[in-house]
Amino acid sequence: MSSFDVEYWREVLRGVSIPFNHPRRDSLLIREKVVEGFLEGYVVPQGLIAHGRGEAFDYLIGETTIEPAIEAMKAAVALLLISKHPVISVNGNVAALVAEHVVELAREVNALLEVNLFYRSKSRIEKIRDIFKRYGVEILGTDEAYECTIPELFSERRRVDCRGIYVADTVLVAVEDGDRTEALKKMGKNVIAIDLNPLSRTALTADITIVDNIVRAFPKMVEIARELKNKTRSELETIVNKFDNRSNIAKVLEHICNRLRDIASSLMNKP
Ligand code: ATP
Ligand code: MG
């Protein structure tokens, strides 16, 4: 095999099935979806690495949605509901794992969807566009005629849709790189981030950071949106104003520390 051969890898992977009683079955099935996105050509190799980094933090958190994440989700949904022009930014990993729930959330909070890629290519954009089309949504960021640029950003992600992120007041990013999050903040956007690493630049730069796996966070946010939609604007504003991102991230770190300390002491106490 001289160059990367998709059919070869499909054949290799076909030979392996994950047993139903495998203790890490759920995690492995999620991993398979990202790999499938890679073989389809819309997840980049760097997306696989990013996913692995996310898995590592998820292991530390306990692979569950923790209370500080719920608090952050409530604030995020409230902010999306009171925003004039909210946009959810999507990429290859998001498309591979949670396209359906992203579409549902966008409908509940009246947000637009826009594709934004670090490694931008026409073919990746079209593949991601087609995935969202299956759920009945036409995403922004696919038409060069509507291209605006984010100042100070030097990767391909500086290109944004003039009808979407460029004019948005609030942007939700997930599995996103720190440079872009910082650039969106410099443009004066409210930024909501979903990121399993509480220490990433994205997590520390965003206004609201949801430290959770996107496969759990998006469906949960749909539920929360259905509850919060009945609140008044001033009730929603109160939820947003009461939220303090730095102390929320601190609670996540405390959760990880306590959990690791408990595990360590149970290992020490074992006969
Ligand atoms: P930063 O650039 O913000 O400092 P980084 O360079 O470590 O972070 P990137 O590859 O730029 O990381 O961004 C990907 C981020 O997405 C990582 O922080 C990773 O933990 C997170 N991530 C990966 N998979 C998931 C997932 N399924 N759910 C939520 N977050 C995820
Ligand atoms: Mg990065």
Side-chain angles (χ1 to χ4, degrees), residues 24-38 42-66 68-73 76-77 88-102 105 115-120 124 128 131 150 152-158 171-187 189 191-222 224 245-246 248-249 252-253 255-256:
R24 303 210 41 76
R25 183 176 163 83
D26 290 350
S27 172
L28 293 178
L29 289 175
I30 294 167
R31 192 183 286 177
E32 300 245 308
K33 286 192 190 175
V34 187
V35 170
E36 186 52 36
F38 172 67
Y42 64 87
V43 169
V44 282
Q46 290 81 352
L48 302 179
I49 295 169
H51 183 78
R53 187 157 52 256
E55 282 181 342
F57 281 99
D58 212 6
Y59 224 124
L60 297 179
I61 289 163
E63 294 176 311
T64 182
T65 301
I66 59 175
I70 298 275
E71 284 312 304
M73 285 182 209
V77 170
I88 301 175
S89 176
V90 300
N91 57 27
N93 288 45
V94 171
L97 290 178
V98 273
E100 182 179 1
H101 296 109
V102 171
L105 179 65
V115 58
N116 202 274
L117 304 176
F118 193 107
Y119 303 96
R120 190 182 165 101
R124 286 190 74 207
I128 293 171
I131 290 171
I150 301 183
E152 296 173 59
L153 196 59
F154 297 103
S155 72
E156 282 297 301
R157 288 159 315 152
R158 71 176 181 275
V171 183
L172 187 159
V173 296
V175 193
E176 184 59 85
D177 170 59
D179 284 354
R180 181 153 177 268
T181 310
E182 283 169 6
L184 290 170
K185 267 322 295 170
K186 279 194 190 144
M187 283 176 84
K189 313 288 181 194
V191 179
I192 299 164
I194 309 177
D195 191 328
L196 275 162
N197 177 2
L199 301 173
S200 74
R201 284 176 308 148
T202 288
L204 297 173
T205 309
D207 298 285
I208 301 176
T209 304
I210 298 159
V211 182
D212 199 9
N213 198 317
I214 55 170
V215 301
R216 297 189 298 267
F218 276 104
K220 187 74 198 162
M221 287 170 82
V222 172
I224 292 173
N245 206 39
R246 293 174 72 87
N248 194 267
I249 292 173
V252 172
L253 294 172
H255 163 87
I256 294 173

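Numbers here simply count residues along the sequence, with the first being 1. Read the numbers this way: they start at 1 and go in the same order the structure lists the ligands and their atoms. Atom set for the values below is all heavy atoms of this structure, side chains included, hydrogens, waters and symmetry mates excluded.
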- Query: Short question: side chain of Thr202, backbone of Glu176 - any donor-acceptor pair under 3.5 Å?
  - Reply: yes
Q.
Quick check: do Ile131 and Tyr42 have side-chain heavy atoms less than 4.5 Å from each other?
A. yes
Tested for side-chain hydrogen bond (donor to acceptor under 3.5 Å, both in side chains) against Arg201, the lone hit among Asp195, Asp179, Thr181 is Asp179
Test your reading of the model: is there a side-chain donor-acceptor pair from Asn91 to the backbone of Ala174, 3.5 Å cut-off?
yes
Sorted by chain and number, sequence neighbours left out, salt bridge (charged side-chain N to carboxylate O under 4.0 Å, His left out) with Lys33 holds for none
(Q) Is there a side chain to side chain contact (heavy atoms under 4.5 Å, CB included) between Met73 and Thr65? Walk through the geometry before answering. (A) CA-CA 10 Å; Met73 285 182 209; Thr65 301; 3.7 Å; yes
Residues with a heavy atom under 4.0 Å from ligand 1, by chain and number, are Ala50, His51, Arg53, Gly54, Val175, Glu176, Asp177, Gly178, Asp195, Leu196, Asn197, Ser200, Arg201, Thr202, Asp212, Asn213, Ile214
Taking Asn245 for its side chain and Ala206 for its backbone only, find out whether a donor-acceptor pair lies under 3.5 Å.
-> yes
So CD1 of Ile194 and CD1 of Ile88: to nearest 0.5 Å the spacing works out to 8.0 Å
Across all chains, not counting sequence neighbours, the salt bridge (charged side-chain N to carboxylate O under 4.0 Å, His left out) partners of Arg24 are Glu63
Ignoring waters, protein N/O/S atoms under 2.8 Å from the Mg ion (ligand 2) are Asp177 OD1
